[in-house]
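Data block below; observations after.
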Amino acid sequence: MDGQIQIFLNRLSYTAITIASLTLLLLFLQTPETCVPPESPHKPHLKFPKSSCDYSPRELVPIDKKNKRLWSTKFWQKKVNSYIQFFKQIQDLGLLHNNSKVVCVSAGAGHEVMALSDIGVLDVTGVELIDSPPLVSRADPHNLPFFDHVFDLAFSGHLAEALFPSRFASEMERTVRPGGVCLLVVEQCGNDEVREIVGLFRNSRLIRSSNVTLTGLPMTSVIMRTKRSS
Ligand SMILES: *[C@@H]1O[C@H](CO)[C@@H](O)[C@H](O)[C@H]1NC(C)=O
Ligand SMILES: *[C@@H]1O[C@H](CO)[C@@H](O)[C@H](O)[C@H]1NC(C)=O
């Protein structure tokens, strides 16, 4: 009796092992259903990756072709033109010249960089956390990869989005030469806020602030000059 039970139990465990092995083998061989075979889609622009294992090649558009497309849109041109009008006012104030070295901090897709180039400024650098070649290179605004005092003018329209505004401000100041210009546009505000903003720039003084319209929005421009001796 005991012997038969032993044989039965042995059989049972062999069966269990076999089933487990087969299941494992099946799992190995089976492609997960979430994996989409790279079939040729009729409308590639409608095809989104369906899962992380969808490794079919994406449509690769060369950067210059992509840029040509982007830069020819009305939306892009309107924004650039708006920046051109704005920077022309800075030129008229005698604070910006064709041979000024300019850095645009948090330059986004680079509208301001293109605007400055268009009005004849020869040396413009744009930086942003995400690069947009050829207009904007990748750099952290809180830690600019430039030596001290290398620019004549630093511009930013994105101080408000900075994680650490005072660090952002001190990096703009650091890279601008003594007697150079720190130029901001911020959401339209009054003199109290302007004073607060200027307070972030410990080594600069306010030249003027004024309400401007930029890219169709009411903004305030804040123009500061860095002190000559630090
Ligand atoms: C600056 O460059 C622009 C565009 O090239 C040109 O039209 C303008 O005359 C230049 N300004 C000066 C002062 O040279
Ligand atoms: C901008 O305009 C607003 C509303 O008219 C005004 O309250 C504010 O003081 C102006 N700011 C500057 C810097 O002139």
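In each ligand, atom 1 is the first atom listed, and ligand 1 is the first ligand listed.
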Practice prompt. Check each protein residue for a heavy atom under 4.0 Å from ligand 2 and list those that pass, ordered by chain and number.
Written response: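 Answer by chain and number: Q188, C189, G190, N191, S209, N211, T220.
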- To the nearest 0.5 Å, what is the distance between OG (S82) and CE (M219)?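 Between S82 OG and M219 CE, I get 9.0 Å after rounding to 0.5 Å.
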*asked:* Return the CG to CZ distance between L183 and F86, rounded to the nearest 0.5 Å.
replied: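 Those atoms lie 4.5 Å apart.
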* Asked: Any ion pair linking D152 and K101 (charged N to carboxylate O, less than 4.0 Å)?
  ->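 Answer for the salt bridge query: no.
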Item to check | Worked verdict on L144 versus F151 for side-chain contact (heavy atoms from CB on, under 4.5 Å) | outcome: CA-CA 12 Å; L144 293 175; F151 297 106; over 6 Å; no
Taking ILVMFWY side chains as joined if any heavy atoms are under 4.5 angstrom apart, and letting links pass through other members, which residues group with I63?
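Members other than I63 - counting any ILVMFWY side chain reachable under 4.5 Å - there are none.
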| Based purely on interatomic distance, does D118 place a nitrogen or oxygen under 3.5 Å from a nitrogen or oxygen of ligand 1? |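 No: no nitrogen or oxygen of D118 is under 3.5 Å from one in ligand 1.
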Between Y83 and F155, how do the two ring planes meet: parallel, tilted or perpendicular, split at 30° and 60°?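 Perpendicular: the ring planes of Y83 and F155 meet at over 60°.
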